[in-house]
Amino acid sequence: MSKIAYIKPDSVGDAIEILADKGSSAAIIAGGTDVMVDLRSGEITPEYLVDISRLEELKGIRMENDELVIGAGVTLSEIYNSDLLAEYAPALKKSAYNFASAQIRNIATIGGNVAHCSPCGDTIPPLVIHEAEVLLSGKDGQKRIPIEQVATGPYRSFLEPHELITAFVLKPRKAAFADFKKIGRRKDLAISRLSMAVMIDKSDDGTISFMRFSLGACTPTPHRMIPVEEFMVGKKPTEKLLFEGGRLLAESMIEITGRRPSIIYKEPAVQGLFVRMLHPVVN
Amino acid sequence: MDKESVRIEFTVNNKEVALDIPADATALHVLREMLSLTGTKEGCGIGECGACTIVVDGKAVNSCLMLGAQLDGRMVTTVEGLATESGLHPLQEKFMEGHAVQCGFCTPGLLMSSHALLEEKENPTRAEIEKAIAGNICRCTGYQQVITSIETAVSERLDGENR
Ligand SMILES: Cc1cc2nc3c(=O)[nH]c(=O)nc-3n(C[C@H](O)[C@H](O)[C@H](O)COP(=O)(O)OP(=O)(O)OC[C@H]3O[C@@H](n4cnc5c(N)ncnc54)[C@H](O)[C@@H]3O)c2cc1C
Ligand code: FES
Ligand code: FES
């Protein structure tokens with residue numbers, strides 16, 4: 001017989017009470033695409049599985065007071081099929097397109113992707129460029145923290161055992177250009193080795209007037225690359241500028257990670273992917 | 001019933017079932033070992049091969065990544081549910097005619113992924129077919145015959161409707 005007990009709370013409040021009571025002996029399960037793998041490998045050994053996959057409170061994508069709210073229980077398939085996201089957070093929608101497989105996208109949630117704190121979570125760079133805040137509910141009430149603070153390191157989370165992500169709040173933006181790209185070992189089911197998300201607007205004279213850029217997977221936690229944004233804004237996007245921006249990006253990455261052996265591959269890859277991704281904005 | 005077992009009730013291939021399962025059992029385990037629906041296969045056990053694909057509430061999912069307890073209240077279709085008394089499902093027929101099966105280990109999963117696609121989309125493009133089966137690995141046949149067989153099933157269904 002199983003050593004694990006299964007609990008299905010009826011509400012977020014109910015879930016928090018259970019989590020507070022059981023402490024670190026409980027694990028939250030949403031889509032289960034990380035949890036089931038970690039259970040099988042023995043990576044985690046919880047006594048209780050708290051199933052939040054059917055909580056209606058965690059579902060839905062909506063606009064609320066000019067903010068874009070995405071429930072933690074929204075699946076990657078729902079993200080890909082959302083018209084609201086196509087309009088106001090297109091890079092996030094794109095990150096769902098090459099995410100795992102159809103079977104996994106149908107159950108994997110954005111909340112699980114972020115809470116897992118894997119450096120390679122594909123939804124994280126798009127959330128970063130929309131300056132997303134994470135809504136947490138716990139026994140002490142609700143909190144709102146910036147997305148970049150959720151992971152304190154690879155697979156290490158800022159969340160307390162009794163805390164639940166309920167939603168993400170994004171700054172919506174219909175940018176003229178937005179994209180997400182990743183490099184993995186193969187085309188399908190590839191875990192990202194390197195990922196990036198961007199949004200750009202240009203003024204009438206063709207110079208970049210607004211830019212948000214985030215790098216994922218190759219740094220221990222996600223990073224908005226403000227020096228790169230500042231360097232690009234106010235300039236006309238030429239090929240030369242993209243190469244310079246890409247070099248600055250690679251240097252900023254090395255500043256964060258230090259010179260590791262994989263840098264021989266990653267330095268040109270970061271620059272190359274940056275140039276390729278931004279090429280459509282060249283005048 | 002001890003606390004580590006869970007009572008679940010769901011519909012599988014149009015039949016209602018109710019049973020007590022271990023809390024940590026996967027949906028795959030429940031189907032294969034407890035309900036003897038062994039058409040669904042276990043390949044990798046970690047979401048990478050698609051051999052365990054089933055359709056839950058109209059969506060293709062990996063049963064190895066789902067808790068059995070999460071089947072409660074759901075409508076499930078496995079490969080055993082495709083054929084009817086009047087014969088094989090059109091996808092199964094086209095897979096046979098189109099030589100889309102060699103060892104057959106991947107076949108139930110590929111059938112379920114393509115079945116979910118055909119239930120959702122009337123006339124999927126080749127790119128949509130490729131995308132729908134990207135999570136199903138086949139080690140012997142390769143994918144061309146599979147994709148062509150699915151396309152044939154789609155076009156024959158459209159022809160049938162237009163007649
Ligand atoms: C074959 C395969 C391919 C994959 N490919 C990709 C890929 O291309 N890109 C990518 O980014 N990921 C990929 N993944 C990883 C995984 O699918 C994602 O991280 C997924 O989004 C996790 O969501 P989930 O709902 O399944 O989470 P679960 O497995 O249910 O949970 C993940 C973690 O988050 C916690 N958790 C879940 N929901 C909440 C919440 N609301 N509040 C607090 N904690 C919570 C859980 O306790 C657990 O620690 C892949 C996984 C597999 C098996
Ligand atoms: S056995 Fe489930 S995906 Fe391989
Ligand atoms: S027919 Fe053998 S794995 Fe596909």
Side-chain angles (χ1 to χ4, degrees), chain A residues 1-9 22 26-55 73 75-78 80-81 96-109 112 184-191, chain B residues 1-8 20-29 42 44-74 109-110 112-114 116-117 120 127-137 143:
Chain A
M1 197 72 331
S2 144
K3 287 199 186 67
I4 297 178
Y6 172 82
I7 310 176
K8 193 167 71 179
K22 309 293 182 202
I28 295 171
I29 181 167
T33 61
D34 285 317
V35 167
M36 295 299 279
V37 173
D38 290 347
L39 274 180
R40 187 184 166 103
S41 68
E43 186 74 35
I44 56 170
T45 52
E47 284 170 51
Y48 302 91
L49 284 175
V50 181
D51 183 2
I52 59 165
S53 64
R54 298 220 218 157
L55 293 180
T75 65
L76 270 296
S77 295
E78 287 162 351
Y80 187 68
N81 291 320
Y97 185 68
N98 282 321
F99 191 108
S101 61
Q103 293 96 314
I104 289 179
R105 287 191 296 275
N106 280 337
I107 51 169
T109 64
R185 285 216 173 98
R186 57 188 171 127
K187 191 161 148 269
D188 295 303
L189 284 173
I191 302 298
Chain B
M1 196 175 80
D2 59 308
K3 76 167 191 193
E4 285 85 11
S5 90
V6 184
R7 178 87 182 160
I8 58 170
D20 294 326
I21 62 162
D24 63 353
T26 61
L28 177 64
H29 179 89
E42 172 160 18
C44 63
I46 52 169
E48 291 183 347
C49 74
C52 66
T53 305
I54 59 173
V55 176
V56 177
D57 290 345
K59 296 193 174 78
V61 304
N62 300 119
S63 59
C64 70
L65 293 182
M66 194 174 206
L67 271 182
Q70 292 177 318
L71 290 173
D72 188 46
R74 306 271 189 186
L110 276 164
M112 298 321 289
S113 287
S114 43
L117 175 70
E120 189 193 329
E128 284 170 334
I129 295 173
E130 284 173 9
K131 193 88 192 150
I133 63 166
N136 293 83
I137 291 176
Y143 303 97

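The sequence lines fix the lettering, A, B, ..., with proteins before strands; numbering per chain opens at 1. Please read all numbers here as calculations on a predicted model, not as lab measurements.
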Can you tell me how far the CD atom of E47(A) sits from the CD atom of E4(B), to the nearest 0.5 Å? 9.5 Å

Nearest heavy-atom approach of I4(A) to A23(B) is O-CB, 3.0 Å

K131(B) side chain reached by N98(A) side chain, heavy atoms, under 4.5 Å: yes

Contact listing (chain A partner; residues 64-72 of chain B; heavy atom under 4.5 Å): C64(B), L65(B), M66(B), L67(B), A69(B), Q70(B), L71(B), D72(B)

Between CE of M36(A) and CG of D24(B), what distance do you get to the nearest 0.5 Å? 8.5 Å

Over all heavy atoms of both residues, which pair between S113(B) and Q103(A) is shortest? Give the atoms and the distance, please. OG-NE2, 3.3 Å

Go through L39(A), D51(A), I107(A), T33(A) and name the one with the most non-hydrogen pairs under 4.5 angstrom from chain B. D51(A)

Where does C52(B) contact chain A at under 4.5 Å (heavy atoms): side chain, backbone, both or neither? neither

Can you name the residues of residues 53-60 of chain B that have some heavy atom under 4.5 Å away from a heavy atom in chain A? T53(B), K59(B), A60(B)

S101(A) versus G135(B), closest heavy-atom pair with distance: CB-CA, 3.5 Å

